[in-house]
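Both backbone and side-chain heavy atoms feed into the values below; hydrogens, waters and symmetry mates do not. A note on names: the letters A, B, ... follow the listed sequences, proteins ahead of strands, and every chain is numbered from 1.
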Amino acid sequence: MSFIEARGVRFAYDPTDDEPAREVLHGVDLSIEKGEFVALLGHNGCGKSTMAKLLNGMLHPTGGNITVGGADTADESHLYEVRCRVGLIQQNPDNQLVASIVEEDVAFGPENLGIEPKEIRRRVDDALKSVDMYEYREHATYKLSGGQKQRIAIAGIIAMQPECIVLDEPTAMLDPRGRKEVMDTIHTLNREKGITVVLITHYMDEAVQAGRVVVMDSGTILMQGTPRQVFSQVDVLKAHALDVPQASELAYRLRALGWQMPDDILNEDECIAALQVCLPPVSAGKGEAT
Amino acid sequence: MNPILETKGLTFIYSPGTAYAKVACDHVDVTLYEGEFLGVIGHTGSGKSTLIQQLNGLLRPTEGQVLLRGKDIWAEPKKIRAVRFQVGMVFQYPEYQLFEETVMKDICFGPKNQGLSEEEALERAREAAYFVDLKEELWEKSPFELSGGEKRRAAIAGVLAMDPDVLILDEPAAGLDPKGRDKLLSQIRRYHKARGNTVLLVSHSMEDIARVADRVLVMNGGKMAMLDETPKVFARGEELEKMGLMMPQVTRMMARLKQLGYPVRGDELTVEQAVEELSALYGKGGQAGC
């Protein structure tokens with residue numbers, strides 16, 4: 001059995017005065033292995049964020065079930081264990097910080113787990129080092145940049161020593177530098193600590209770096225595979241109003257015009273290399289049109 | 001082209017005269033022309049927000065001037081309200097500012113404050129709702145019943161309804177998915193074309209700025225680092241990357257091709273432009289056998 005297994009997961013939000021119950025997930029099957037880096041894509045309203053909350057037991061499926069390390073997330077007696085094993089990071093860093101000093105904020109989680117003070121100190125220091133924020137341990141949280149705040153939120157989760165982190169658009173509110181800081185941190189945690197990562201994102205350059213990409217649409221899984229397999233399906237992704245990396249799109253458009261570009265271009269380097277094969281040598285071919 | 005908004009030696013210092021004094025805007029001279037679409041980029045802390053908040057009088061410059069049609073906006077501080085109607089500001093995450101009972105009432109709030117009659121305000125509000133494509137069946141709903149994207153558009157409509165001569169938008173597409181982002185940007189573009197007013201758009205996304213802006217202002221460390229036509233600014237990729245800004249991937253690739261000696265312009269900003277350029281130069285793939 002996989003580390004996380006979702007089988008036939010359905011979910012409907014409770015009805016309100018004006019709206020009947022609305023089902024947003026219609027039977028999702030998804031297995032995630034330990035140590036994997038999975039990117040979850042799809043446009044707003046496709047059910048990604050609901051899926052994130054289901055993975056750590058914040059929400060319970062209304063149909064089907066999810067197990068984390070064999071424990072059913074809907075079983076109240078496992079809830080504590082599930083939330084210890086799967087940490088959740090959300091989009092807005094300001095909504096996730098609870099203390100005014102960095103190290104106090106990171107200590108909040110382990111304190112609540114009833115861990116002894118010496119061990120908390122050790123975990124907080126380790127967690128801050130792993131997100132490269134150790135020098136800021138005595139700083140005020142409100143004075144940090146968005147990227148720094150988000151890394152503190154991640155450190156707070158790390159200090160609880162989860163096996164998996166689910167991140168719901170963690171870089172959506174950050175500038176390019178902050179995005180890079182957070183992405184580097186996530187990759188390091190995955191690579192060096194073996195923490196399983198589920199990353200929900202709208203940024204294709206982030207998805208390209210994952211081991212596996214899962215594309216959701218209207219509450220179901222539309223397709224999944226390696227980034228190369230998924231991003232070669234430019235027409236399918238476009239038809240579902242999803243972006244592809246610009247390098248993949250350029251290759252795709254040129255191929256449509258008859259150019260011999262490979263159909264699995266993922267990044268800049270590959271696209272340039274393929275173009276160099278296609279284009280006439282520089283010295284002979286200057287300005288030459290066919 | 002006539003200047004509509006100018007800054008002269010504009011300087012803003014937070015907590016001046018204290019140990020925490022911070023120069024956030026340092027002698028900035030910018031001229032905005034009537035009817036232009038100006039993009040503003042710069043990483044967090046570069047002074048973008050401080051700059052734009054001075055443009056409509058939300059912050060009073062420590063030094064220097066803001067001229068609206070040649071007149072210092074602080075010449076008569078009691079009339080600063082009138083400036084805020086002429087220079088409209090859409091803040092980040094404007095949906096947090098919705099407060100009225102119905103969507104229509106919320107959009108009408110601005111024009112009513114300008115002293116327009118109920119009838120006139122409604123007329124303006126309907127027109128604004130049309131620009132952001134907010135369907136009539138939503139008008140009488142509570143703003144809190146709308147989806148995230150609809151709320152965002154309702155909040156923007158509230159500023160459009162004031163019919164400002166200069167419209168400033170701070171990260172209007174942040175947090176939207178690719179489809180929502182494209183839709184919102186094309187609505188802003190359409191509004192700009194139809195009204196012929198001046199638009200200033202702040203964004204972290206070079207791709208978005210590249211698509212919509214005529215000129216780009218780059219802020220760095222509180223100073224104006226560049227101000228030029230969009231392709232000229234993006235042709236200075238290395239400098240931008242040093243400031244923590246990222247070029248569109250396709251622009252980077254075309255610049256690399258140019259460096260390798262291929263006769264491309266190297267400042268193509270969108271995949272469309274790159275495809276056009278490459279196929280104009282090389283037709284169906286250049287070399288024989290390709």
- Query: Which pair of non-hydrogen atoms, one from P280(A) and one from Y262(B), has the smallest distance, and what is that distance?
  - Reply: O-CE2, 3.6 Å
- Which atom pair, heavy atoms only, marks the closest approach of A241(A) to P178(B)?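 Shortest heavy-atom separation between A241(A) and P178(B) comes out as O-CB, 4.4 Å.
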Would you give the length of the straight line joining atom [atom1] of [X] to atom [atom2] of [Y], rounded to the nearest 0.5 angstrom?
X: Q246(A); Y: M247(B); atom1: CD; atom2: CE; answer: 10.5 Å
X: L254(A); Y: Y282(B); atom1: CG; atom2: OH; answer: 12.0 Å
X: L250(A); Y: Q273(B); atom1: CG; atom2: CD; answer: 12.0 Å
X: D205(A); Y: Q249(B); atom1: CG; atom2: CD; answer: 7.5 Å
X: H240(A); Y: K179(B); atom1: NE2; atom2: NZ; answer: 10.0 Å
X: L279(A); Y: L278(B); atom1: CG; atom2: CG; answer: 6.5 Å

- Please walk me through it: do E207(B) and D243(A) pass side-chain contact (heavy atoms from CB on, under 4.5 Å)? CA-CA 12 Å; E207(B) 278 84 353; D243(A) 266 354; over 6 Å; no
- Message: With heavy-atom distances below 4.5 Å as the criterion, would you say the side chains of V271(B) and R253(A) are in contact?
- Response: yes
If you count the non-hydrogen atoms of other residues, nucleotides and ligands that lie under 6.0 Å from [atom1] in [X], is the total more than 12?
X: Y203(A); atom1: OH; value: yes
X: E135(A); atom1: CD; value: yes
X: E101(B); atom1: CD; value: no
X: E137(B); atom1: CD; value: yes
X: F99(B); atom1: CZ; value: yes

- Please look at E171(B) and chain A and tell me whether the side chain, the backbone, both or neither of the residue comes under 4.5 angstrom of a heavy atom of that chain. neither
- Considering only NZ, NE, NH1 and NH2 on the basic side and carboxylate oxygens on the acidic side, decide whether K48(A) and D177(B) come within less than 4.0 Å.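 A salt bridge is absent here (no side-chain N lies under 4.0 Å from a carboxylate O).
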- Item | Part of D269(A) within contact of chain B (heavy atom distance under 4.5 Å) | both
- chain B heavy atoms under 4.5 Å from E268(A): which part of the residue, side chain, backbone, both or neither?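 Contact with chain B: backbone and side chain both.
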